[in-house]
Protein chains: 2
Amino acid sequence: MQVHKIFLRRLSVLELSATEFSVLVLVGANPGVYLRQLGSALDVSPPNLVAVVDRLVQRGVLARLPSAEDRRLQELHLTDAGRHLLARAEAQVEMFETGLEQSLSAAERRCLDSALKKLAAFDPPRADPPGEPSGDPRDDPNQAGA
Amino acid sequence: MQVHKIFLRRLSVLELSATEFSVLVLVGANPGVYLRQLGSALDVSPPNLVAVVDRLVQRGVLARLPSAEDRRLQELHLTDAGRHLLARAEAQVEMFETGLEQSLSAAERRCLDSALKKLAAFDPPRADPPGEPSGDPRDDPNQAGA
DNA sequence: TATTGTTATACTCTATAACTATA
DNA sequence: TATAGTTATAGAGTATAACAATA
């Protein structure tokens, strides 16, 4: 979480949130993606993504182009300013990641990587004993005690 | 982040947020703490903590007792129901942590621990080149490009 | 004058229902 | 009817200013 905070601070230098940065990266790598595709890739619902795209469009870094085949769709593209901003952001992030990597040895990086992969794959053993979620009637709330 | 999500899901079984759980743990370990002390320990501002405490008091797990010496202060204590809920929550968390630990070998745990400690201590090299934050006038927003 | 708990307020994120225009 | 983008709205989480009571 500490590392994530520093990552966000780096992006904030360019007035970008993590979501906005992700949008730039994904649109840059997939010119013409549709809003819904972008949203499912980022796990952001369409209603919430509209505001993000709006802001980036008004900022002049993103453009909505109507699709020729299906007039419900709109292709998302980076503008020239968008490509420039993305390049600056990626430079910031790369610098950040390099700094991070250098604070660990090669062996530590390998070990961390493998440990985190295992933790990310962790599927918790279901352990809901037949006790009620919270409305436990035996929990009569009464006096305090020091 | 994935692990944190699972942690939150465990607590949600008892209808507890991470902050609420922290409050129960800290008040349980420090009976009589004041709201401001609690807030600075949790990095939650007093205005925001009031609502959290309100909810736990109304739920019957926390109690506000007026301080005898300074009538501006209020001691926070767990009720009997609060101690019971805390015990259940700690059991959930302990089960969760045990599951996590068992998905790694002892060597992996040691290595992960040391690597994360180093990353948490990471202090980013200041790298703000004399470029403007974002209002760069040379970023004239113009046409898109596929 | 300073401090504790509190109210009010605002701004971001997130989540859901419903609308429009297309298909 | 189904889908894409959109609007409106509500709920959390977070941040700041200001207030009453007390020191």
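Keep in mind that the numbers below use all heavy atoms, side chains included, and drop hydrogens, waters and symmetry copies. All chains are named by letter (A, B, ...) in the order of the sequence lines, taking the proteins before the strands, and each is independently numbered beginning at 1.
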- Could you identify which residues of residues 46-53 of chain A place a heavy atom less than 4.0 Å from some atom of DNA chain C, listed by residue number, or say none? A:P47, A:N48
- Same apolar cluster: A:L56 and A:L73, side chain cutoff 4.5 Å: no
- Message: In this structure, how many angstroms lie between the C1' atom of C:dT14 and the NZ atom of B:K5, rounded?
- Response: 12 Å
- How close or far is atom C1' of C:dT6 from atom CG of B:L38, stated in whole angstroms? 16 Å
- Item | Distance test, side-chain N/O of B:R36 to OP1/OP2 of C:dT4, below 4.0 Å | yes
- Task: Nearest 0.5 Å please: distance from the CD atom of B:E101 over to the CD atom of B:E94.
- Result: 9.5 Å
- Message: How long is the straight-line distance from CZ of B:R36 back to CD of B:Q74, given to the nearest 0.5 Å?
- Response: 11.5 Å
- Note on the structure: Taken to the nearest 0.5 Å, the spacing of A:L35 CG from A:S40 OG works out to 10.0 Å
- Message: Any base atoms under 4.0 Å from B:Q37, or only sugar-phosphate, or nothing? Heavy atoms, all strands.
- Response: nothing
- Task: Quickly work out the B:D70 CG to C:dA2 C1' distance and round it to whole Å.
- Result: 12 Å
- Message: Is a donor from one side chain sitting under 3.5 angstrom from an acceptor on the other, for B:D70 and B:S67?
- Response: no
- Just checking B:R64: base, sugar-phosphate only, or nothing, at a heavy-atom cut-off of under 4.0 Å? sugar-phosphate
- Note on the structure: Note: chain A reaches DNA chain D at heavy-atom distances under 4.0 Å over the stretch, first to last nt, 5' to 3', of D:dA2 to D:dA8
- Query: So does B:K117 pair up with B:D113, basic N to acidic O under 4.0 Å?
  - Reply: yes
- Determine yes or no for a side-chain-to-main-chain donor-acceptor pair under 3.5 angstrom, with B:R83 supplying the side chain and B:G28 the backbone. no
- Item | A:L38 with A:L85, same ILVMFWY side-chain cluster at under 4.5 Å | yes
- Residue set satisfying side-chain hydrogen bond (donor to acceptor under 3.5 Å, both in side chains) with B:R55, at least two apart, ordered chain then number -> B:E20
- Residue pair A:T19/B:R72 against DNA chain C: nearer the 5' end by closest nucleotide is B:R72
- To the nearest angstrom, the CG-P distance between B:D54 and C:dA8 comes to 12 Å
